[in-house]
Amino acid sequence: MGLSDEQVDYIENLLKENGLSYPPLLEDLLDHVCCAVESKMDDGTAFQVAIKEVLNAFGKDGIEKLQVQTLHLLNQKKQLMKRLSLLTLSVLLFTVTYIFAFPIDPPNSSPLKGNAKITAEFGMTFNKLKAQNQFHEGIDFKVPLGTPVYATGNGVVTEIQSKSTGYGHMIVIKHDDHFESLYAHLSEILIQEGEEIKAGQLIAKVGNSGASLSPHLHYEVKKQGKKINPRDYLTP
Amino acid sequence: MIAKELFKGTIKTIVLKLLSDQGKMYGYEICQKVKELSDGELMLTEGALYPMLHKMESEGLLKIEKVNIGKRVRKYYKLTRTGKKEFGLKIEEFNNFIQTMKLILNPSINQSI
Ligand SMILES: [Zn+2]
């Protein structure tokens with residue numbers, strides 16, 4: 001047999017008086033208590049007696065304890081989620097900071113702003129001065145004396161050298177933790193060591209200094225200290 | 001009566017098992033069913049069941065279907081897809097536990113295998 005609306009209201013108020021206030025739990029327990037009371041009334045117990053028996057079965061403060069326990073379990077879960085999202089946030093923050101602090105930015109513009117003929121490739125080539133095959137650690141561009149040379153990426157000038165042998169007048173620019181670029185056989189150097197350089201900035205003029213037979217630009221790229229083929233990063 | 005502590009850890013498994021068999025059940029029904037199945041041996045008290053139901057719902061193991069009955073609402077609990085997966089894991093976990101306990105309590109079984 002089903003309880004009347006008034007009886008259901010009465011039970012709901014009793015539950016609230018017993019400290020039940022969390023709505024989802026109130027819904028559950030109202031139905032539960034109503035079912036239990038109905039079952040007892042079907043066996044011939046009077047409403048008031050039935051309800052007393054059912055509530056007593058929860059024990060002293062049982063309903064309130066039940067609610068505390070429920071909220072505690074749900075709160076544990078929320079705390080865990082909070083901790084997890086905090087962890088995600090810090091990982092994200094760290095990644096972003098890392099990317100900004102150590103950008104990977106290969107030097108990839110052209111040192112002569114395009115249209116320059118490459119006369120010697122990276123790799124094994126014949127060295128005219130030494131008259132023998134040797135490993136060519138960069139690429140050579142044949143251009144007239146005084147042709148402007150531009151930085152191939154953002155960075156800082158870490159080395160300027162002026163010798164009558166080898167690279168002659170030479171510039172090294174460090175771009176980031178990974179990349180460096182080198183410009184050799186220059187006639188004129190227009191920047192200082194330690195200077196911050198923007199990609200495409202005029203840094204020198206092509207020359208014939210050091211071990212060079214005719215005006216040309218010798219250009220190298222280092223990735224993590226290892227010389228690599230500059231063509232890999234040159235945009236045509 | 002089975003030891004309270006031992007039982008606490010298995011409420012979740014029992015709820016998963018019942019809902020897996022019955023499809024959907026409401027709280028009072030679950031309590032009654034447990035009493036019936038365990039022949040009164042296991043007392044699934046409301047005090048343990050309802051907090052667990054709410055926790056399992058918040059974990060995404062259960063979903064709720066509400067039916068209005070006059071002035072009250074009956075909440076049917078059903079397994080979600082995650083809940084069904086969890087049930088499989090729990091059974092496996094429980095069987096492993098039983099096996100381990102058997103071996104610990106009666107090592108001679110181990111020799112006869
Ligand atoms: Zn060269």
Side-chain angles (χ1 to χ4, degrees), chain A residues 1-16 18-20 22-40 42 53-82 84, chain B residues 1 4-5 7-13 15-16 18-19 22 24-36 40 42-78 80 82-83 86:
Chain A
M1 78 172 261
L3 296 171
S4 70
D5 285 357
E6 289 74 27
Q7 287 170 319
V8 175
D9 278 342
Y10 179 79
I11 293 174
E12 186 172 351
N13 282 328
L14 267 183
L15 289 174
K16 284 177 180 167
N18 273 278
L20 198 57
Y22 179 56
L25 197 58
L26 181 63
E27 283 176 343
D28 276 316
L29 287 187
L30 180 59
D31 187 43
H32 180 96
V33 171
C34 287
C35 286
V37 168
E38 280 168 353
S39 161
K40 284 186 184 294
D42 282 345
E53 286 176 3
V54 171
L55 290 181
N56 283 343
F58 281 91
K60 190 180 181 307
D61 301 328
I63 288 172
E64 215 179 332
K65 280 181 195 157
L66 196 158
Q67 178 170 272
V68 168
Q69 176 69 5
T70 305
L71 295 177
H72 177 70
L73 284 178
L74 292 179
N75 206 32
Q76 262 181 349
K77 163 109 163 95
K78 263 187 214 148
Q79 293 287 334
L80 185 73
M81 294 300 280
K82 236 187 234 171
L84 274 181
Chain B
M1 253 271 272
K4 231 183 180 177
E5 280 310 306
F7 175 56
K8 253 189 186 171
T10 58
I11 295 178
K12 194 172 176 179
T13 314
V15 170
L16 291 170
L18 284 177
L19 293 180
Q22 308 282 319
K24 61 176 187 182
M25 291 174 92
Y26 54 100
Y28 182 75
E29 202 181 4
I30 297 175
C31 287
Q32 294 306 106
K33 192 78 190 168
V34 172
K35 276 176 205 164
E36 181 193 315
L42 282 175
M43 274 288 286
L44 185 51
T45 61
E46 298 75 4
L49 175 73
Y50 286 103
M52 184 51 76
L53 285 177
H54 284 258
K55 184 176 185 236
M56 289 168 75
E57 191 218 339
S58 81
E59 286 172 346
L61 301 176
L62 305 182
K63 56 188 170 191
I64 292 170
E65 195 181 295
K66 291 188 183 186
V67 177
N68 286 311
I69 299 177
K71 289 208 80 178
R72 62 202 221 232
V73 182
R74 180 152 297 165
K75 278 156 80 180
Y76 285 95
Y77 290 89
K78 293 157 86 170
T80 60
T82 321
E86 178 79 6

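Letters A, B, ... are given to chains in the order of the sequence lines, protein chains preceding strands, and every chain is numbered from 1.
Ranked by heavy-atom pairs under 4.5 Å with chain B, the first of E27(A), H72(A), K65(A), Q67(A) is E27(A). Counting heavy-atom pairs under 4.5 Å between each of H54(B), Q32(B), K66(B) and chain A puts H54(B) at the top.
In this structure, H32(A) and C31(B) approach most closely via the heavy-atom pair CE1-SG, 3.7 Å.
In this structure, K75(B) and D31(A) have side chains that are not in contact, with every pair of non-hydrogen atoms separated by 4.5 Å or more. The closest side-chain heavy-atom distance from Y50(B) to L25(A) is below 4.5 Å. I11(A) places none of its side-chain heavy atoms less than 4.5 Å from the side chain of R72(B).
Going from atom CZ of R74(B) over to atom SG of C35(A) covers 4.0 Å, rounded to the nearest 0.5 Å. Here the straight-line distance linking atom CG of L3(A) with atom NZ of K71(B) works out to 12.5 Å at 0.5 Å rounding. Atoms CG and CD1, on D28(A) and I64(B) in that order, are 7.0 Å from each other to the nearest 0.5 Å.
The contact between Y77(B) and chain A is made entirely by side chain atoms (from C-beta outward), counting heavy-atom distances below 4.5 Å. Of the two parts of A36(A), the backbone and the side chain both hold a non-hydrogen atom closer than 4.5 Å to a non-hydrogen atom of chain B.
Applying the salt bridge (charged side-chain N to carboxylate O under 4.0 Å, His left out) definition to pairs two or more places apart or across chains, those involving residues 52-65 of chain B are K12(B)-E59(B), K24(B)-E65(B), K55(B)-E59(B), E65(B)-K78(B).
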